[in-house]
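What follows is a single structure, written as structure tokens, with notes after it.
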Amino acid sequence: MSRRLISAPLVIAALLVAAVVGLASSGLLSPWWSLFVDDAGQFLAALAATLACWCTAPRHTGTQRWWRLWMGAATCGWMVGQFLWSWYQLFRDVGLPSPSLADAAYLTMPVFALAAIVVLAAERPAHGVRRRRPEQLVVVLDGLIVVGSLFVLSWATALGAVVRAGAATPLAYTVAIAYPVTDLLLTVIVVLLIVATASAANRLLLITLGAGLFCLSFSDSLFAYMVSAGAHGIPPLANAGFVAGYALIAVAALTATGEAPRWTVHPGVRWGHLLLPYVPVAGTGVLLILQLIRGIPMDSVEIVVEAVVISLLILRQAVTLVQSADLVASRARLVLATDLTRRQLERDLHDGVQQRLISLGLDIRLAEASVPPELTELRQQLSDVVAGLSGTVDEVRELSRGVHPAILTEGGLRPALRALARRSAIGVALDVQVDGRQPEPIEVAAYYVVAEALTNAAKYAQATLVHVCVQTRDGYLHLTVRDDGVGGADPKRGTGLTGLTDRVEAMGGTLTFESPPGEGTRLQADFPLGRA
């Protein structure tokens, strides 16, 4: 959908809000008609959101259909509550009935809306891989943590004082405070989705939906404060968030969605997403410390909510640790699968292509021997073909060594490193203090660390000698590569060391890198032998 088509619903929504609020607050109407216009505007906005969600849902599939169905159920529940509320106010002349059947209908909204947002959290990102359940759980946990922290801040600064003043009954307050808390939860989760999304394809939808939920949260917060303070009516301006909120939800449902190109990649860490839950928690901690310094004790509400927030933080860390463990395991499996593919390719080159080329060379030699002496030119051409095949065999042999050295598989790390040292363009002092064979994944990783280090030393370091030391000690294989080059190497300039770091860490090891200018380069890799 183009920006022009998107702007039309936004303009209509803005005109609706302005018309309802302006007419209800103008003073041109009697109090009853002013209240009627205000309530009717809220009802119509919720009806528009319901119809927009349910009418556009059949046009979509999968996630985009289901979030619209759930959100339509949420707005429909709120619409029923608004109808009951208006009936009380307009025809029974009961001011702010809370709690009532209207509240029961109103509070179905956050339940169904949360289901809709959880469905959106499972939306496929740009690379087409569905988010796993732990990732969805982290988004919900982050939302709960932020909401709990913000609630503690609000309670400690202003809201708690209003309640302690005894202006409302506990049940009425509980129902009233449920509105802004649940709306805030939904808003925060949508914000987290916007921050964490891997694709900008559906970001406009999320921003519009988040803006609508924020408007609902704003008006619900005003409602909660007024009810807690014993107010007998809500001015139309305070209800503007309800009209604007559901109008924006309708716009979000009408917003076209799509997937970003599948080749789009967004590398790097999203620090905003990682740190967002901890910012309000830190603010809450600072506030509580200041209260303790000033001698203000924590009341039961603060203690309970803060305990819940801490529990959620612990749960979030546990989920994060499980995700990290799964990531390390999957990276190790990927490295092992890559090495297995390399080995199979080396065998195919050695046993297939190389042997076929050698056989062809022998056949041509036999043909060359049978050529009559007077056909000197033909004999020379066959000889040239044999020489070309011989060179091709050498190239295939070198290629197979680079893919996966057969000597490493057959003889182990010691002969493989010796072969590397012999082929090196610069001198290599080799010290291998390893008895017998080591776990094959460790040997392969150590081999490629040395190979990459020798290549870098020959190409960039201007080195004349490289010291390679390998030893096993205390359950670890320790590998050190040190050259006498110019130093000053920056691992951020290339991907070679990054790839080595990934390979070493996939085996549970660590890779350290030192390259002071003028003092050469030192590479240290430590592999735990018990984990391979």
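It should be emphasised that the depicted structure is a prediction, and the values quoted were computed from it without experimental measurement. Heavy-atom basis, side chains included; hydrogens, waters and symmetry copies ignored.
- Scanning for side-chain hydrogen bond (donor to acceptor under 3.5 Å, both in side chains) contacts around Q381 gives an empty result, with sequence neighbours left out.
- With a 6.0 Å radius and a threshold of 12 heavy atoms from other residues, nucleotides or ligands, R482 has its CZ atom at or below the threshold.
- Annotation: the span from S515 atom OG to D483 atom CG amounts to 7.5 Å, rounded to 0.5 Å.
- Rounding to the nearest 0.5 Å gives a distance of 14.5 Å between CZ of R418 and CZ of R423.
- Contact detail for V281 and S149: the closest heavy-atom pair is CG2-OG, 3.2 Å.
- Minimum heavy-atom separation, A445 to F527: CB-CE2, 3.7 Å.
- Residues satisfying the salt bridge (Lys or Arg N to Asp or Glu O under 4.0 Å) test with E443, not counting sequence neighbours, are R437.
- Atom CD of Q462 sits in a sparse spot, with 12 or fewer heavy atoms from other residues, nucleotides or ligands closer than 6.0 Å.
- Taking the six-membered ring where tryptophan is involved, the planes of H478 and Y476 are essentially parallel, since the angle between them stays under 30° and well short of 60°.
- Residues L511 and A525 share a closest heavy-atom pair of CD1-CB, 3.7 Å.
- With contacts defined as side-chain heavy-atom distances shorter than 4.5 Å, the pair V449/V504 qualifies.
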Take T521 and N456 through the test side-chain contact (heavy atoms from CB on, under 4.5 Å) and record every step on the way to the result.
CA-CA 10 Å; T521 299; N456 290 339; over 6 Å; no
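- A donor-acceptor pair under 3.5 Å links the side-chain atoms of T455 to the main chain of A451, judged by distance alone.
- Considering only heavy atoms from C-beta on, I117 comes within 4.5 Å of L213 through its side chain.
- Across all their heavy atoms, Y460 and V486 have their closest contact at O-CG2, 4.3 Å.
- Using a 4.5 Å cut-off on side-chain heavy atoms (C-beta onward), L523 and E452 make no contact.
- Inter-residue side-chain proximity for V432 and L413 is flagged as unmet; no heavy-atom pair is nearer than 4.5 Å.
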I'd like a table of donor-acceptor pairs (distance under 3.5 Å, sequence neighbours excluded) in which one partner is a side-chain atom from residues 464-474, with atom names and distances.
from, atom 1, to, atom 2, distance (Å)
T464, OG1, D484, OD2, 2.6
Q471, OE1, R473, NH1, 3.4

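- If you take OG1 on T510 and CG on D526, they are separated by 4.5 Å, rounding to the nearest 0.5 Å.
- Nearest heavy atoms, W70 versus A115: CD2-CB, 3.8 Å.
- Taking CD1 of I293 as the reference point, atom CG of L288 lies at 11.0 Å (rounded to 0.5 Å).
- Atom-to-atom distance recorded for L315:CG and I310:CD1 is 14.0 Å, nearest 0.5 angstrom.
- Nearest heavy-atom pair across T255 and R68 is O-NH2, 3.2 Å.
- Although no hydrogens or angles enter the test, the distance criterion places a donor-acceptor pair under 3.5 Å between the side chain of S311 and the main chain of A307.
- Side-chain contact check for T284 versus V309: every heavy-atom pair is 4.5 Å or farther apart.
- One finds the CD atom of Q64 at 11.5 Å from the CG atom of L69 (value rounded to the nearest 0.5 Å).
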